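Below: the structure, in structure tokens.
Letters A, B, ... mirror the listed sequences (proteins, then strands); counts begin at 1. On a predicted model such as this, the values are computed, not experimentally measured, just so you know.
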2 protein chains.
Amino acid sequence: MVDALDFKIIESLKVNSRTSFVEIGKQIGLSPSSVRERVQKLEDAEVIKGYNVKLNNKKLGFGLEVFIMFKLFSGKLQIFCDDLNRFPEIYEVYRITGTHNIFMKVVLIDQLHLQQFIDRLLVYGEPTTHLILSDLKDL
Amino acid sequence: MVDALDFKIIESLKVNSRTSFVEIGKQIGLSPSSVRERVQKLEDAEVIKGYNVKLNNKKLGFGLEVFIMFKLFSGKLQIFCDDLNRFPEIYEVYRITGTHNIFMKVVLIDQLHLQQFIDRLLVYGEPTTHLILSDLKDL
DNA sequence: ATTGAAACGGCCCCACC
DNA sequence: GGTGGGGCCGTTTCAAT
């Protein structure tokens, strides 16, 4: 279903998702048309779910990034999911195993913003906050 | 430094980082040249750090995604950072506040692979594993 | 900092293998 | 499933503002 060439294409897109099909073709020895066709198929099969930009949030005025381990109150999962779009601060959110059954990555302006954000979360459950100090991949 | 137009460009790239400069220009009422120049400056200023592809790891044969909260042994931070590139399974890794001072997202093939991975981590510290059950943004 | 124009290169479709 | 070509569209550069 996904062969070695597809993997190479994906590797190339991992490095830089804006890489042109011509460039990818050169790297893996395939014509641009073929690369395009394979990428199209990977998108159709939802192996590729989208293309993201990696930002420096600090430089955009969002100086605080935190992880929140969240213990949902019983029966609150559905309403929490429904309300998710009211929290633009939530960048990623997953259900996980453990007593804290929700994990989220949250991007905030400052500590006041964090405080207000946590206050809004308290309706749904019990948050435990971890500040992100540094990205070890950036060092 | 980063003005309203830059924000609009970034919003557009957040939705799809492969969006062409022509298309972005149409959306925000700017010529392709100007969009390109602004993106170039955002890249140079490292506001934009890169362009990623969002993958369905399950469909690529990596059926297990986990978060690991990691309590580094005293004095092991430097060597752990130096050895990071020996763990291709580690997708993201951050220093965080709390007794578990490292957080990582790890992509694995199966439970056996997880077991082997954790065994290799034990040199550096004490891991606590949380399986990712679902991405709530996907629902 | 933005623009339009021109040259270049990539994308896309389709016919063919 | 891969290729090659023609037309179209996007990108890049640059002079002008």
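- Here C:dC14 presents its P atom at 14 Å from CD of A:Gln40, a figure rounded to the nearest Å.
- Within 4.0 Å (heavy atoms only), A:Leu5 reaches sugar-phosphate atoms of the nucleic acid but no base atom.
- Across the protein-nucleic acid pair, A:Asp44 atom CG and D:dG1 atom C1' stand 16 Å apart, rounded to whole Å.
- In this structure, B:Phe21 places its CZ atom 14 Å from C1' of C:dG9, rounding to the nearest Å.
- For B:Leu42 and C:dA1, the CG to C1' distance is 13 Å, given to the nearest whole Å.
- Remark: P of C:dT2 and CZ of B:Arg38 are 4 Å apart, rounded to the nearest angstrom.
- With hydrogens and angles ignored, the 3.5 Å screen pairs no side-chain donor or acceptor of A:Ser17 with any backbone N or O of B:Val53.
- For the pair B:Ser31 and A:Val22, nearest-nucleotide mapping onto DNA chain C gives the more 5' position to B:Ser31.
- In this structure, A:Leu30 and A:Arg18 both approach DNA chain D, and ranking their closest nucleotides by distance from the 5' end singles out A:Leu30.
- A straight line from CD of A:Glu43 to P of C:dC11 spans 12 Å, rounded to a whole angstrom.
- Below the 3.5 angstrom threshold, one finds a donor paired with an acceptor across the side chain of B:Ser33 and the base of C:dG4.
- Side chains of A:Lys105 and B:Tyr94: a donor-acceptor N/O pair is present below 3.5 angstrom, by distance only.
- Separation of the B:Phe87 and B:Phe117 ring centroids falls under the 6.0 Å cut-off.
- In this structure, the CD atom of A:Glu23 is 17 Å from the C1' atom of D:dG10, given to the nearest Å.
- Under the 6.0 Å cut-off for aromatic ring centres, A:Phe67 and B:Phe67 do not qualify, their centroids lying 6.0 Å or more apart.
- Under 4.0 angstrom from either OP1 or OP2 of C:dT3 there lies at least one side-chain N or O belonging to B:Ser34.
- In this entry the distance linking CD1 of A:Ile28 with C1' of D:dT3 reads 14 Å, nearest Å.
- For the OP1/OP2 pair of D:dG2 and a distance below 4.0 Å, the side-chain nitrogens and oxygens of A:Arg36 include no atom meeting the criterion.
- Ring pair A:Tyr124/A:Phe73: centre-to-centre distance not below 6.0 Å.
- Backbone-only contact: A:Lys41 has heavy atoms under 4.0 Å from sugar-phosphate atoms and none from a base.
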